[in-house]
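Letters A, B, ... mirror the listed sequences (proteins, then strands); counts begin at 1.
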Protein chains: 2
Amino acid sequence: MTKKGRQAAACKCKSSCGASKNTGTSAVFQKRKSNIIKKAAKLFIKKGYAQTSMRDIAKATGIDVGNLYYFIKSKEEILYLIFDMFHKPEEEIFERFEINKIEDPVQQLKTMITELIGFGGNFRQEILLLYRESRVLPKENLKCIMARESHVISQIEGILKEGVPKKVFKIEDTSFTANMIMYELALYSMRHWNMTPYLKNEFIDLLWNHISKVVLSRPD
Amino acid sequence: MTKKGRQAAACKCKSSCGASKNTGTSAVFQKRKSNIIKKAAKLFIKKGYAQTSMRDIAKATGIDVGNLYYFIKSKEEILYLIFDMFHKPEEEIFERFEINKIEDPVQQLKTMITELIGFGGNFRQEILLLYRESRVLPKENLKCIMARESHVISQIEGILKEGVPKKVFKIEDTSFTANMIMYELALYSMRHWNMTPYLKNEFIDLLWNHISKVVLSRPD
DNA sequence: TATTATCTACAACGCATGTTGTAATTTGCA
DNA sequence: TGCAAATTACAACATGCGTTGTAGATAATA
């Protein structure tokens, strides 16, 4: 990219569109924009971010190269918006499923994990993309993403911490374990070539079996 | 890169040098070459593969851009050689520590894990690089790397399988568990920003504690 | 010292890249 | 219909890229 300072969408902002005067509220505009994001995601996943050119994206969307900039600010921004698309809803799983209203910490954890995998399974490749390419984002956006990740981890740790005094969990280091669980959740994405024998539900069972051995005070 | 077919080092080959007539056996030649690899590794880790130019590598090594090609065949080859540097020794840990000569499967597993982490800890960033950038390698080299990975996993699974009939391990799906263990070993690299509170030995303890809960038939 | 093999300096090639500017066209609305 | 806003078409820019070729310098060998 030509040096002109980092200009991808800021952390919480809804990514003000690229058009000069366009309010970005038009339905077609949004549709076209999200199409760019989806098509670009496919390409980035398949070929890698650096190996995908704006001209590739233009071809895939049918939008002229130059006009892409009518909808987005930069190539970098596209990447950020891809992450935003699935990473933001992931953060809200805890609230959406009202997990804090479940009284049993074991059920809390199981629900959380099931939903996280269920959700993550729909964005397997995008998660991989996040791991692979997030480094190219400007620091600010990177921070934003890591903050979201940390937020989910702390939610998991919260569940664990609740279960320890209740004697349903037995965990020495809740922070480490929460991190590990979050990390294990990505196994299905990260090592998919070795996970092909398993269907998603099988994987959830295996993973829950795995995790419950680690955290439950009385396994089985 | 200019299209001219994939030309990085083949799977097992010792990467025939770039020089036309040079046998590549000269000590200085090898020294210079491995310096290129090391310096390039640093740059790739810091800036990413695509964001690092041959001119950057030239600057870092003090070798003229054009003359880099006297030592290596292509930019791609450098990446492959970086992976080769640490990935090959990792594969040989099982033999080097004569793990199959240990009779107790629990000690086998513990030794294997300890050594893998101990080794991996020295190449934390390189492992990250492997996860991030291996996709840019030609398929053949990629296969080679995944084969090595699978080899280690199957060694772990071998240990697990030995322990199950001896009733020291209790594992439903040894393949899944072996995969998971291999994956967990990379936690320290992959999520280092969350692992900073832990020293390497602390991490080994935590991880062994974690894994033993999963695999041992009688934890504690 | 003469000759060959190893290494270096330097310039250049050809191409693909992200991005911009602008004029024309279409659309939405009064 | 007429005007303004939204959208498109097209060409161009500037630059950085991986790689090559070659002529000269140095080191090793005899």
How close or far is atom [atom2] of [N] from atom [atom1] of [X], stated in whole angstroms?
X: B:I57; N: D:dC17; atom1: CD1; atom2: C1'; value: 12 Å
X: A:K75; N: C:dA16; atom1: NZ; atom2: C1'; value: 11 Å
X: B:Q51; N: D:dG16; atom1: CD; atom2: C1'; value: 13 Å
X: B:I63; N: C:dT8; atom1: CD1; atom2: P; value: 7 Å
X: A:F29; N: C:dT26; atom1: CZ; atom2: C1'; value: 17 Å
X: A:D56; N: C:dA16; atom1: CG; atom2: P; value: 11 Å
X: B:L79; N: D:dG18; atom1: CG; atom2: P; value: 13 Å
X: B:F44; N: D:dG18; atom1: CZ; atom2: C1'; value: 12 Å

Hydrogens and angles aside, do [X] and [Y] bring a side-chain donor and acceptor to less than 3.5 Å of each other?
X: A:D205; Y: A:Y198; answer: no
X: B:Q125; Y: B:H192; answer: no
X: B:E90; Y: B:H151; answer: no

Checking contacts here: which listed nucleotide ([options]) is nearest the side-chain heavy atoms of [X]?
X: A:Y69; options: C:dT20, C:dA9, D:dC10; value: C:dT20
X: B:V28; options: D:dT7, C:dC7, D:dC10; value: C:dC7
X: B:M54; options: D:dT19, D:dC10, C:dT20; value: D:dT19

*Under the ring pair (Phe, Tyr, Trp, His ring centres under 6.0 Å) criterion, do A:F44 and A:Y49 qualify, and how do the steps go?*
CA-CA 5 Å; A:F44 290 167; A:Y49 175 80; 5.0 Å; yes
_Taking 4.0 Å as the cut-off, does a side-chain nitrogen or oxygen of A:S53 come that near to OP1 or OP2 on C:dT17?_
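Yes.
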_Check this for me: does the side-chain of B:R55 come within 3.5 Å of the base of D:dG18 through a donor and an acceptor?_
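Present.
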*Can you establish whether the number of heavy atoms outside A:K200 located under 6.0 Å from its atom NZ is more than 12?*
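Buried by this count: over 12 neighbours within 6.0 Å.
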*With a 4.0 Å cut-off on heavy atoms, is B:R32 in touch with a base, just the backbone sugar-phosphate, or nothing at all?*
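Sugar-phosphate only.
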